[in-house]
Each structure stands twice: as C-alpha cells, then as structure tokens.
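Presented below is the structure to which this report refers.
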Amino acid sequence: MAHRHAAAGGAALTVLSALVLAGLPAAAAAEPPAPPPVPAAGAPGAGEPSPAMLRALERDLKLTEAQARTRLVNEAEAGSRAGRLQNALGERFAGAWLSGLTSADLAVATTDVADTPAIEAAGARAVVVKTPLEELKAVRAKLDAAATGKALDTPVRYIDVRTNRVTVQATSRTAADTLVAAAGVDGALVDVQVSADQPHALYDIRGGDPFYIDGTARCSVGFGVTKGDQQGFATAGHCGQAGSTTTGYNQVAQGTFQASVFPGSDMAWVGVNSDWTATPAVKGEGDQDVQTAGSVQALTGAAVCRSGSTTGWHCGTIQQHDTSVTYAEGTVDGVTRTTVCAEPGDSGGSFISGVQAQGVTSGGSGDCTRGGTTFYQPINPLLSTYGLTLKTSTAESGTPAPEDGGQAGGWAAGRVYEVGARVTLDGVSYECLQSHQAQTAWQPALAPELWQPVTD
C-alpha cells in the first residue's frame, strides 16, 4: 500500500495539534516524534464485516474477499485521520477523499503548499489547490439560490473535492450557463456535466423491508430508531406526510408518520405500534441481516451498500457529500451522491458503509440493469432534527437522544456531533474527528477514532 494507515495517525495528531496551538504553517513544524500505535479501524464497533456485506462488495466493486476486507478496514481508519487534518488545517482545508481498489490512498487537499509535510506525516497524500472548501460551498449556495422553480434543466449541483470545482449537472450547456450567469458566480469554479438523466423521488415504494403508506404507495424502511419509549424507523420524507398511516411488509397495521420534510430535506420517521419492534438489522444479500453499530459518516470515495424493497442489496461508492438535487417536487439540499443503483420502491431504504449507518434513499436516475446514480439523505441530520436514537447492535444504544442536544459544551450520549465540534467531559476538552451519534461506550476518552484531546 502506498500509505499504510496503522502507523500514521498518532504522528498526525502530534504534528497538527502543535501547528494549531502555535498558529504556524506546516513548513515551520519540527520533525514529528515516533508515532504511538492507533487502532486498525477508525469506526467504533467496526468488528467483523458480515458475509452479506463482503459478497456484495465483491460482486459490485469487483473485489476479492481479501480486498473487500482490507478496503473496509482502510476506510474505517482513514476517517479519523482526515478529521484530524480538517480540524488542523481550518480554512485552508479543501476536502478529503479515498481512492484505489482497497481505498489505500487518502488524499487531503489544502490551499497552502506549506501544509504538505504535515499531511504526508499523517500518511495522506497532499493535494494543493486554489480554492478552499468554504468558498466552493458559497458558490454552490449561490447556484442553489438561483435555481428557482423546479430547475429540472439543472437538477444536480455538488462540490467535487477531487477537481476543486462545483459541478452542475444539466440537460444542456446552455441551461448550465444560464444558471451560472443568474447566480453571478465565477464560471472558472464551475464544471458542467451534460446529461439527460432526470433524478426523481422513488415513490413506488428490518432496513430495506417494504412498508405501505395509506394502503397504496410502497417505500422501504431505513433504520430502526427510538424516541423515548416510542419505537419506529427512519425513512424518506417524500414517502409520506405527518399523519399518514403505514402497514408493514405483511400488510399488518404498523404505525404513523410522526414528522416529514420534503422537499428542502428528504427525511421522515414513523412511530410504530406495540406489535412492532425496532432492531439494528438491515436486510442484506440473500436475506441475511447486516447489523448496524453506529452512524460514523464515511468519506468521499468509500464503499457503501443500499438495501431496498424493489432491488434488494447493491453496493457502490460515495461520490460527493453535501449535494443539492432538484426533483420535479422541488430541491433537496445536503444529500449524498453515490454510484449505487436504485429503482422506484427502494425509497427510504438503508445506506450503510461497513456497519455504520449512512442515510436513507432519496432519489436518482438509472436503474439496476444499466446502473445509475442514487442520492441519500444522511442519517445524522435526520437523527438530530427529530431527537431520535439510532438502534444499534451495541448494548448502550438505548441511551435517549437529548431533546435539547445535551448541555452546552458538555458531551452527551445520543447527541449528533460534527467534525470540529468541541466538548468537555470530566474536565478534559475534546474535538470531534468524525461525524456520528454519540453512544455511552463511545465517550471521548474511550474513542480516539472519534475524538482528540485539545488544550486550548
């Protein structure tokens, strides 16, 4: 492997923490000391991947079993290193992504060449670019604002960290140029992808099992959740409105939509009756269950698999986070773009990377015969918005999500933390490395993959 992961993480923490404290460019950093060992996997509860997960990765990504196992380990571990670098680089950070058959190559982009030694000391490949990530986000926000109406001629807009550009997918170059002009953004920062694809919400409706809305439409279960004593599941907002009733895969009365947002976001959750029990299982290949251990967000380039009630279990890779997509019903912001195929009825179904929940199926283009592009609503914002606790395979998963997000400045199980968030626990301050919903077993001192101590 070009960048072996297990030995680099500690050096990254030592060097980059020093840079942040001193306010110095990377070129001024001293040679790092010998790094301490770090865990082989960067996602708590990663454990042994299920046979169903491995088989699907072998099939859809053309991997051997050994390659699939190695890829999952590499992807889990790389997330915390990328988080350390993002926190240390601050406004110079321009994105991180994985590449290679086994995701052995972690690339981190910066706008300052002086950061190169520190990035390489962390075992990552440094890519020097012109435009910081925050500036690209501002460009995309202007494009979103200018995409008035249904904007079906420019349905997808996203930041491509690999190219350091914002990409507009449009039905024609003219449509894209019109949007860029209306937004008043620098065209040099925008790439255009001309495509006839028209993403659409997949209305024809364990994770991945079917459910029926008001006795007619069909969607797919995302992930089991709880809210206090109420059990239920997360799914897509376009599947139903608050108050809509559901029946399960067996046509037995199941529950009611408690809340739903679409468009804008594509998130909802269903509270179920006492005949149903939420579980951490997702329906995998051959009807074998894949257990969900948490919600640590995977990096761009990571492998991800989807379960849905129409096409079952399929895998691909994460292309871009924080994408805006316009359907006929309106624009949805903050979804993730993937190479996984999907078809109508898969809506709301589970997206999972290794054993970490990623999101619920929103919409896309193509199908599972010729392939396609599918977007998912990330799970962590959904959990945070509705105060839900993800059902996981760990014993501590029952910890309720705090309605107020937990005490300000203090760490709390059940709260969703983003990269860079700072908390204090037992008198020690920590900074978040990977977006996740906190669990009791993942207290900062016990989860170096998710948190690093800070002194300022």
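- Between R69 and E48 there is a salt bridge, with a side-chain nitrogen of the basic residue lying less than 4.0 Å from a carboxylate oxygen of the acidic one.
- Counting only N and O atoms by type, the side chains of T167 and D191 include no donor and acceptor under 3.5 Å apart.
- In summary, the side chains of S103 and R71 do present a donor paired with an acceptor at a separation below 3.5 Å, with no hydrogens or angles considered.
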Item to check | Worked verdict on S99 versus R125 for side chain to side chain contact (heavy atoms under 4.5 Å, CB included) | outcome: CA-CA 11 Å; S99 59; R125 176 168 54 89; 4.1 Å; yes
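- In this structure, D266 contributes its side chain and H238 its backbone to a donor-acceptor pair below 3.5 Å.
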Next on the checklist: Using the rule given for side chain to side chain contact (heavy atoms under 4.5 Å, CB included), can you reason through E65 versus L57, listing the C-alpha separation, both sets of side-chain angles and the distance that settles it, and then say yes or no?
Outcome noted: CA-CA 8 Å; E65 180 179 345; L57 288 173; over 6 Å; no
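- For the atom pair F93 CZ and D115 CG, the distance stands at 11.5 Å (nearest 0.5 Å).
- Between F262 and Y327, the ring planes lie tilted relative to each other; the angle falls in the 30° to 60° range.
- Here the OG1-CZ distance, from T373 to R337, works out to 5.0 Å after rounding to the nearest 0.5 Å.
- For E91, the CD atom sits in a loose shell: 12 or fewer heavy atoms of surrounding residues, nucleotides or ligands are nearer than 6.0 Å.
- For the pair T392 and P280, the tightest heavy-atom approach, listed with the atom from each and the gap, is C-CB, 3.5 Å.
- Nearest approach of S307 to V282, heavy atoms of both residues: CB-CG1, 3.7 Å.
- Side-chain contact between V168 and Q193 is absent, with no heavy-atom pair separated by less than 4.5 Å.
- Looking at W451 and V423, their side chains come closer than 4.5 Å, going by heavy atoms from C-beta outward.
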Item to check | Trace of the salt bridge (Lys or Arg N to Asp or Glu O under 4.0 Å) decision for R140 with D160 | outcome: CA-CA 11 Å; R140 203 211 70 188; D160 191 337; over 6 Å; no
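- Looking at Q437 and L388, their side chains never come closer than 4.5 Å, going by heavy atoms from C-beta outward.
- Between the Y386 side chain and the M267 main chain, a donor and an acceptor come within less than 3.5 Å of each other.
- Side-chain atoms of T64 and E58, non-hydrogen and from C-beta on, never get closer than 4.5 Å to each other.
- One N or O on the side chain of Q358 and one on the backbone of A298 form a donor-acceptor pair closer than 3.5 Å.
- When only modelled atom types and interatomic distance are considered, T338 and R306 share no side-chain donor-acceptor pair under 3.5 Å.
- Without hydrogens or angle criteria, Q86 side chain to G83 main chain gives no donor-acceptor distance under 3.5 Å.
- We find that D60 and R55 are not joined by a salt bridge, their nearest charged nitrogen and carboxylate oxygen being 4.0 Å or further apart.
- Contact check for V161 versus Q320: no side-chain heavy atoms found under the 4.5 Å cut-off.
- In this structure C368 satisfies the disulfide bond (SG atoms under 2.5 Å apart) test together with C341, sequence neighbours excluded.
- Counting only N and O atoms by type, the side chains of D346 and S220 include no donor and acceptor under 3.5 Å apart.
- By the 4.0 Å N-to-carboxylate-O rule, K283 lies too far from D289 to be salt-bridged with it.
- Judged purely by atom type and a 3.5 angstrom limit, S260 uses its side chain to pair as donor or acceptor with the backbone of G237.
- A donor-acceptor contact shorter than 3.5 Å is absent between the side chain of R206 and the backbone of A278.
- To the nearest 0.5 angstrom, L450 atom CG is 13.0 Å from E431 atom CD.
- Shortest non-hydrogen contact noted between T374 and T361 is CG2-CG2, 3.8 Å.
- Between T300 and R162 there is a side-chain heavy-atom pair separated by less than 4.5 Å.
- Remark: the backbone N or O of P344 is paired with a side-chain donor or acceptor of T310 at under 3.5 angstrom.
- Under the 3.5 Å distance criterion, the side-chain polar atoms of S265 are left unmatched by any main-chain donor or acceptor of V261.
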Item to check | Test side chain to side chain contact (heavy atoms under 4.5 Å, CB included) applied to V419 and L433, step by step | outcome: CA-CA 5 Å; V419 177; L433 299 176; over 6 Å; no
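- Note that CD1 of I379 is 13.5 Å distant from OG of S435, once rounded to the nearest 0.5 Å.
- Under the 4.5 Å side-chain criterion, counting only non-hydrogen atoms from C-beta, I352 is not in contact with Q356.
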Next on the checklist: Between F233 and W276, is the ring pair (Phe, Tyr, Trp, His ring centres under 6.0 Å) condition met? List the steps.
Outcome noted: CA-CA 10 Å; F233 59 87; W276 296 81; 8.5 Å; no
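- Between the side chains of Q377 and S362, not a single donor N or O lies within less than 3.5 Å of an accepting N or O.
- At a threshold of 4.0 Å, the pair R59-E285 counts as salt-bridged, since one of the basic side-chain nitrogens sits closer than that to a carboxylate oxygen.
- Listed for the N380 side chain is a donor-acceptor partner under 3.5 Å among the backbone atoms of S295.
- In terms of heavy atoms, S393 sits closest to Q291 at CB-CB, 4.1 Å.
- Although no hydrogens or angles enter the test, the distance criterion places a donor-acceptor pair under 3.5 Å between the side chain of H436 and the main chain of Q434.
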Item to check | Verdict with reasoning, Q443 to W411, per side chain to side chain contact (heavy atoms under 4.5 Å, CB included) | outcome: CA-CA 8 Å; Q443 295 182 34; W411 180 88; 3.6 Å; yes
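- When the options V156, V360, T323 are evaluated for a side chain to side chain contact (heavy atoms under 4.5 Å, CB included) with V335, the one that passes is T323.
- Taken from CG in L89 to CD1 in I119, the straight-line distance is 5.0 Å, to the nearest 0.5 Å.
- No side-chain heavy atom of Y158 sits under 4.5 Å from any side-chain heavy atom of L143.
- Between T292 and A357, the shortest heavy-atom contact is CG2-CB, 3.8 Å.
- The CG atom of D333 lies 8.0 Å from the CG atom of D322; values are rounded to the nearest 0.5 Å.
- Residues A107 and V127 share a closest heavy-atom pair of CB-CG2, 4.2 Å.
- H321 has its ring centre no less than 6.0 Å from the ring centre of W97.
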